[in-house]
Amino acid sequence: MNQLNLEVAGKKERLDAWMGSQLPDLSRSRLQKLIEQGYIQLNGQICTNKNTKVGQGDRLKITIPDSQPLQLSAEAIDLDILYEDEYLIIINKPADLVVHPAPGHESGTLVNALLHHCPNLAGIGGIQRPGIVHRLDKDTTGAIVIAKTDQAHQHLQAQLKTKTARREYMALVHGVPKSETGTIDLPISRHRSDRQKMAIIAVEKGGRNAVTHWQVKERLGNYTLMEFRLETGRTHQIRVHSSHIGHPILGDPLYSSGRSIGINLPGQLLHAYRLILIHPVTGESLEAIAPLPAIFPKVLAILRQRNP
């Protein structure tokens, strides 16, 4: 259980909205449940109304109870394995596969499949996300590494933190960048009004440092095949950054503003095609290449035909 004592600064706004700006890692629904369940004290009194206005000088005591572990079960789900040994496994994740169980997705996830494939995975790196080192969005495809031991888990997470591990993505985007390469260095946090989305938020307002490098691979009329390399790993980072510079990813339901190219897409055309890391035990460099899913060459062929 975690307790926070905070003081409000600034103009009056709704309690749940203000809490969202201070606790960007918690969803709006999670915050509203904390309010409804009596975990919030406003100026010494329990407050259960999310619409209560708070402003300059108000004091809040926020209690965040420990998460209840989900009941995880092993499920026989086919996995596309790019690499595996006794310490780690790298999977080519398909679209429409959630990485770990959560409310609304208690089963049929990558974690459920991994528990069947690796029976000793349970408990590594945490009860609710066993073995998970990093994640991919539900409709983002490609390479994801899972640790099989606590030592490997700690080592791989440290590589991501120190940027010795590299994650490279391919994406098809709207529009055509004027230059061939670039870097987007803009902080990201939870969107202030739409809790399903992330947004560019100044660091002083709760944004977290986020850096994305990009390179044009092929120009296709009013579309572009681009390569992205992550320096940080914020939620929806590439999707938010590419949309912010005017080049949202094709098929992105949150950030492409309803744009259509006349092709039925399963989701955002974003693929983690290359993962480079140091093996946590041997110390050797390990590179995994995830082949592009079938939708990529299909859409590329159509766009090349339209723009010979």
Under a plain distance cut-off of 3.5 Å, with no hydrogens placed, do [Y] and [X] share a side-chain donor-acceptor pair?
X: T109; Y: H100; answer: no
X: Q268; Y: T140; answer: yes
X: Q151; Y: H155; answer: no
X: T183; Y: H213; answer: yes
X: H117; Y: E84; answer: yes
X: E168; Y: Y273; answer: yes
X: E231; Y: T212; answer: no

Inset, instruction - Specify whether Y87 and H279 have parallel, tilted or perpendicular ring planes, treating 30° as the upper limit for parallel and 60° as the lower limit for perpendicular. - result: perpendicular

Please indicate whether [X] has more than 12 foreign heavy atoms, meaning atoms of other residues, nucleotides or ligands, lying under 6.0 Å from its [atom1].
X: K12; atom1: NZ; value: yes
X: Q3; atom1: CD; value: yes
X: K205; atom1: NZ; value: no
X: N5; atom1: CG; value: yes
X: N51; atom1: CG; value: yes

[X] (side chain) donor-acceptor with [Y] (main chain) under 3.5 angstrom:
X: H174; Y: H247; result: no
X: H271; Y: P293; result: no
X: H236; Y: K197; result: no
X: R166; Y: R229; result: no
X: N112; Y: L115; result: no
X: K148; Y: A152; result: no

Report the distance from atom [atom1] of [X] to atom [atom2] of [Y], rounding to the nearest 0.5 Å.
X: H244; Y: M198; atom1: NE2; atom2: CE; answer: 14.5 Å
X: S21; Y: H191; atom1: OG; atom2: NE2; answer: 13.5 Å
X: Q37; Y: I46; atom1: CD; atom2: CD1; answer: 12.5 Å
X: L172; Y: L303; atom1: CG; atom2: CG; answer: 6.5 Å
X: E218; Y: N307; atom1: CD; atom2: CG; answer: 10.0 Å
X: R190; Y: Q196; atom1: CZ; atom2: CD; answer: 9.5 Å

Inset, instruction - With sequence neighbours excluded, tell me which residues meet salt bridge (Lys or Arg N to Asp or Glu O under 4.0 Å) with R14. - result: D16

Are any non-hydrogen side-chain atoms of [X] and [Y] less than 4.5 angstrom apart?
X: N49; Y: I35; result: no
X: K61; Y: L4; result: no
X: L79; Y: L110; result: yes
X: I91; Y: L82; result: no
X: I238; Y: W214; result: no
X: V99; Y: I144; result: yes
X: M170; Y: L292; result: yes
X: V216; Y: T181; result: no

For residues [X] and [Y], report the shortest heavy-atom separation together with the two atoms involved.
X: I249; Y: S242; answer: CG1-OG, 3.6 Å
X: I295; Y: P266; answer: CG1-CD, 3.9 Å
X: E36; Y: T48; answer: O-CG2, 4.0 Å
X: Q159; Y: I278; answer: NE2-O, 2.6 Å
X: A290; Y: A272; answer: CB-O, 3.7 Å
X: P187; Y: A202; answer: CG-CA, 4.1 Å

Inset, instruction - Kindly indicate, with the supporting measurements, whether the criterion side chain to side chain contact (heavy atoms under 4.5 Å, CB included) is fulfilled by D252 and R239. - result: CA-CA 8 Å; D252 191 326; R239 299 166 65 187; 2.8 Å; yes

Using the rule that two of Ile, Leu, Val, Met, Phe, Trp, Tyr join whenever any of their side-chain heavy atoms come within less than 4.5 Å, decide whether [X] and [Y] are in one cluster.
X: Y255; Y: L250; value: no
X: V240; Y: M226; value: yes
X: I89; Y: L72; value: yes
X: V133; Y: V98; value: no
X: L156; Y: I90; value: yes

May I ask you to say whether [X] pairs ionically with [Y], meaning some side-chain N is under 4.0 Å from a carboxylate O?
X: R274; Y: E287; value: yes
X: R219; Y: E180; value: yes
X: R59; Y: E7; value: yes
X: R135; Y: D137; value: yes

Inset, instruction - Test side chain to side chain contact (heavy atoms under 4.5 Å, CB included) on Q237 and T232 and set out the steps. - result: CA-CA 8 Å; Q237 179 171 318; T232 54; 2.8 Å; yes

Legend entry - Criterion side chain to side chain contact (heavy atoms under 4.5 Å, CB included) on H134 and R167, from CA distance to verdict: CA-CA 10 Å; H134 62 109; R167 288 169 289 170; 4.0 Å; yes

Inset, instruction - Taking the six-membered ring for Trp and the full ring for Phe, Tyr or His, determine whether the centres of H241 and F228 are under 6.0 Å apart. - result: no

Inset, instruction - For the pair K138 and D96, evaluate side chain to side chain contact (heavy atoms under 4.5 Å, CB included) and give the outcome as yes or no after the intermediate values. - result: CA-CA 5 Å; K138 176 184 175 184; D96 201 34; 2.7 Å; yes

